[in-house]
Protein chains: 2
Amino acid sequence: MPSRAQATRDRLQRVALRLFLERGYDATTVNDVAEAAGVSHMTFFRHFPTKESVVLDDPYDPLIGELVRAQPTDLPPLERARRGLLAAWSSLPEPADDETRARVRLVAGHPGLRAHAWENNQRTEDLVAEVLRDGGAPRLEARVAAGACLGALTAALLDWGAADDGPLGPRVVAALELLGGRR
Amino acid sequence: MPSRAQATRDRLQRVALRLFLERGYDATTVNDVAEAAGVSHMTFFRHFPTKESVVLDDPYDPLIGELVRAQPTDLPPLERARRGLLAAWSSLPEPADDETRARVRLVAGHPGLRAHAWENNQRTEDLVAEVLRDGGAPRLEARVAAGACLGALTAALLDWGAADDGPLGPRVVAALELLGGRR
DNA sequence: GCTTCTGATGTTAGTCACTAACATCAGCTG
DNA sequence: CAGCTGATGTTAGTGACTAACATCAGAAGC
């Protein structure tokens, strides 16, 4: 991980977020970002495969997979997914700073970005569904459980982004609790 | 609904699906589709706002909103959403023909298309969440219920698309049943 | 210090989705 | 047949993204 490249990458990301917030995402071209960061647009694309990807990072999949797998297989799949995601959440550092909220809002307010964010989510969902299937769940049930839990997680994140106050954690926990089978 | 325009639209959609299946989505340009349909690329974009939209139609939102709203407000939001979506489903014609399955597969196999399909889904989700809030549900709970139900629906659709046999309807019903609070 | 090698970056010239402005053409109405 | 209107074509863009090739900065070895 050479440091010059890493510095350029960080600079691009920082500058991009700032410009997107200032001028709006669509009104900011990749060229604007590159120029403001003092590089050419090619350098931008060497660090980020798409304009959207500069806003969206999501490296948590492996951890989630592990922790869902660690839940007892005699639970119903929905419950297993739920507990696994709760466990994953509680083992992560709270990333709920203001910059993250700004990022969530940026994404929430832009259909294209929302769609891309959902792609990440979908990858996680596929992973969770696969783990559930390995634990013996029928395919449909595995997918539904994964879809419902990830849907709830996303809802919590968007809800937190739209709110002005309060930490993310409790919302995530509350969202997953709501799937917990009380009626 | 003038008939010439409608005919052109239908032709574009038919030709597009055929070419996408034959050559792949990315390898087919909008110009290819337009040319094969005997029109210019501008005509394509007059009928479909994006290349992706020619594959994705989704006019069911208003019905879903109505039917969720029609469920008793003294039910928990998740249950209300669940029953409303079940009602909406059972009042729709079964669209589960081979062409639809081909379409679902096309979408499932292409990240960009999946993302766009999710946008439609998100619109529906927002609508359902809003209806639930109108019925007195707290914001987070409304979003979670909507997210979980729509996630389950999508899972059912993808599951059906990936399978070789069987109708869609029962899968949808089964998916929503799985959210029905048994543990 | 100088060469050399390599990874980071720049330049240039594309393709393709998508848009705006304006021209034209087909079919219907009077 | 004149005229109107909606469907379509033409042209000329912008902007995301890619490929090919050139260059430049810094570390490694001499």
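Per chain, numbering begins at 1; letters A, B, ... match sequence-line order.
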**Study point:** Contact residues, residues 15-36 of chain A to DNA chain D [heavy atom, < 4.0 Å]
**Key:** A:Thr28, A:Thr29, A:Val30
Exercise for review: Please work out if B:Gly38 contacts a base, only the sugar-phosphate, or nothing of the nucleic acid, heavy-atom cut-off 4.0 Å.
Suggested key: sugar-phosphate
Practice item. Taking salt bridge (charged side-chain N to carboxylate O under 4.0 Å, His left out) as the test, write out the residues that go with A:Glu99, two or more places apart. Key: A:Arg103
Exercise for review: State which residues pass salt bridge (charged side-chain N to carboxylate O under 4.0 Å, His left out) with B:Asp164; sequence neighbours excluded, sorted by chain then number.
Suggested key: B:Arg105
Practice item. Let me know, please, whether A:Thr50 or B:Thr43 comes out on the 5' side of the other along DNA chain D by nearest nucleotide. Key: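 Nearer the 5' end of the strand: B:Thr43.
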Review point. Ion pair present between A:Arg133 and B:Asp159, side-chain N to carboxylate O less than 4.0 angstrom?
Key: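 Salt bridge: no.
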Point to revise | A:Thr8 vs C:dT9: side-chain N/O to OP1/OP2 distance below 4.0 Å | key: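 For C:dT9, OP1/OP2 do have a side-chain N/O of A:Thr8 under 4.0 Å.
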Check your understanding: When you check the phosphate oxygens OP1 and OP2 of D:dT10, does a side-chain N or O of B:Ser40 lie under 4.0 Å from one of them?
Key -> no
Just the table, please: protein N/O against nucleotides 18-23 of chain D N/O, every pair under 3.5 Å.
residue: D:dT18; atom: O4; partner: A:His41; partner atom: NE2; Å: 3.2

Check your understanding: Hey, what else clusters with A:Leu17 if you join Ile, Leu, Val, Met, Phe, Trp, Tyr whenever side-chain heavy atoms sit under 4.5 Å?
Key -> A:Leu12, A:Val15, A:Leu19, A:Phe20, A:Leu21, A:Tyr25, A:Val30, A:Val33, A:Val39, A:Phe44, A:Phe45, A:Phe48, A:Val54, A:Val55, A:Leu56, A:Leu106, A:Val107, A:Leu113
Point to revise | Heavy-atom side-chain contact between A:Leu158 and B:Gln122 under 4.5 Å | key: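 In contact.
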Exercise for review: Over all heavy atoms of both residues, which pair between B:Ala146 and B:Val128 is shortest? Give the atoms and the distance, please.
Suggested key: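 B:Ala146 and B:Val128 have their closest heavy atoms at CB-CG1, 3.8 Å.
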Check your understanding: Using a distance-only test with no angle check, is there a side-chain donor-acceptor pair under 3.5 angstrom linking B:Thr124 and B:Asn121?
Key ->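 No, no side-chain donor-acceptor contact under 3.5 Å.
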Check your understanding: Does A:Ser40 have any side-chain contact (heavy atoms from CB on, under 4.5 Å) partners at least two apart in sequence or in another chain, and if so, which?
Key -> A:Met42, A:Thr43
